[in-house]
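Take a look at the structure below.
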Amino acid sequence: MDMPSAEQAIKSNRHAWDESARLHKDTATWKATLAAVARADFSCLDPTITQLLQEVGVVGKDVVQLCCNNGRECLSLFGLGARSVVGVDQSREFLQQARELADVSPHCPQFIESDIHHLPEALMGQFDVALVTIGVLGWMPDVALFMRHAASVLKPGGVLVMYETHPFLEVFDPAAVNPMLPASSYFQRDPFVLQESIVYEGRDVLDGPTSYWFVHTLGSVVSGAIAAQLQIGHLQEYPHSNREELYDQYENQRAQLPLCFTLTATRRSA
Ligand SMILES: C[S@@+](CC[C@H](N)C(=O)[O-])C[C@H]1O[C@@H](n2cnc3c(N)ncnc32)[C@H](O)[C@@H]1O
């Protein structure tokens with residue numbers, strides 16, 4: 001099978017996310033979120049990332065979330081004391097939902113439609129904290145390039161805070177007859193070609209537009225950050241799952257796999 005160029009993959013992924021927005025709006029989670037964001041202290045952030053953000057410190061800070069999806073995590077950052085929050089995503093349809101949530105919320109985030117690889121000049125060097133959470137790196141063809149763009153929006157001394165799924169999980173197929181058997185290489189360079197709708201809830205697979213999911217080893221994530229002049233201050237792996245419920249089966253094993261990780265990295269002064 002011919003693999004797409006990076007630009008083609010990014011374009012296909014944008015289309016796939018736009019298409020999936022409708023499905024996410026049909027869920028009970030959407031209705032519950034719409035009601036919950038009316039509270040000033042709303043948060044959908046789990047204890048792991050909440051604690052890390054508190055340690056890094058977001059009170060009074062200017063924060064950007066890269067690949068913010070429907071903006072619910074942007075709104076949660078105000079509950080942690082952020083002074084301003086900007087969410088960036090390339091999916092127009094999800095940003096539409098983000099604005100719907102913001103209309104109900106007492107907070108005023110700004111949402112910007114942009115591919116991470118073509119960020120507006122106005123964002124450069126503007127933020128104390130850049131947040132990247134769960135399910136972002138896999139859509140990026142080149143993790144080192146992604147790190148350069150993430151670093152570019154930070155002020156000198158600003159911190160990238162990442163809470164991601166663990167790349168080692170990509171070796172397994174959670175829907176396989178034996179989901180514990182390694183099914184693909186940790187070092188695979190070609191992306192997984194997905195032809196299903198992107199949904200977080202339920203186990204049903206629906207046909208959908210083609211999208212491309214890339215595996216980036218933990219080493220390449222760390223090396224990408226270092227090459228982007230980011231100084232790593234923290235890297236921790238965890239045995240809990242922070243992704244779709246299909247992956248819950250990998251928790252609480254005697255021979256436990258790493259299921260997610262957090263990383264912080266500070267932009268060096270010029
Ligand atoms: C799994 S979602 C992130 C969800 C987020 N952690 C949350 O819980 O709300 C990944 C997001 O990345 C966005 N995305 C993927 N590739 C992108 C790119 N090149 N530029 C900007 N956004 C991108 C998608 O549109 C999608 O909204």
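Reckoned from all heavy atoms, side chains included, excluding hydrogens, waters and symmetry mates. Nothing here was measured: the structure is a model prediction, and the numbers come from that model. When a ligand or atom number is given, it counts from 1 through the structure's own listing order.
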Problem - Crowding at CZ, Phe168 (>12 non-hydrogen neighbours, <6.0 Å) - result: no
Exercise for the section: Report the member of Ile134, Val136, Asp89 with the shortest heavy-atom distance to atom 11 (C) of ligand 1. Expected result: Asp89
Exercise for the section: Please confirm whether Arg14 comes under 4.0 Å of ligand 1, counting heavy atoms of the residue only. Expected result: no
Handout entry: Contact (N/O only, under 3.5 Å) between Asn70 and ligand 1
Key = no
Practice task
Give a yes/no on ligand 1: does Asp115 have at least one heavy atom closer than 4.0 angstrom to it?
Solution key: yes
Problem - Test: Arg243 and Glu170 ion pair at under 4.0 Å - result: yes
Exercise for the section: Measure the spacing between CG of Asp142 and CE of Met147 and express it to the nearest 0.5 Å. Expected result: 11.0 Å
Practice task
Give yes or no for whether the N/O distance cutoff of 3.5 Å, strictly under, is met between Ile116 and ligand 1.
Solution key: yes
Practice task
Between Phe146, Trp139, Tyr163, Tyr212, flag the one that comes closest to atom 15 (C) of ligand 1 by a heavy atom.
Solution key: Trp139
Fill in the blank from the handout: Short version for Ser114: what comes under 4.0 Å of ligand 1, heavy atoms counted, is backbone
Exercise for the section: Mark yes or no for whether Ser105, through its side chain, and Leu101, through its backbone, hold a donor-acceptor pair below 3.5 Å. Expected result: no
Handout entry: Glu73 N/O to ligand 1 N/O under 3.5 Å
Key = yes
Practice task
Report the C-alpha separation of Gln51 and Glu55 in whole Å, then their side-chain angles, then the decisive distance to 0.1 Å, and conclude whether the side-chain hydrogen bond (donor to acceptor under 3.5 Å, both in side chains) test is met.
Solution key: CA-CA 6 Å; Gln51 190 185 332; Glu55 282 165 17; 2.9 Å; yes
Handout entry: Mutual orientation of the aromatic rings belonging to Trp139 and Trp17 [parallel < 30°, tilted 30-60°, perpendicular > 60°]
Key = perpendicular
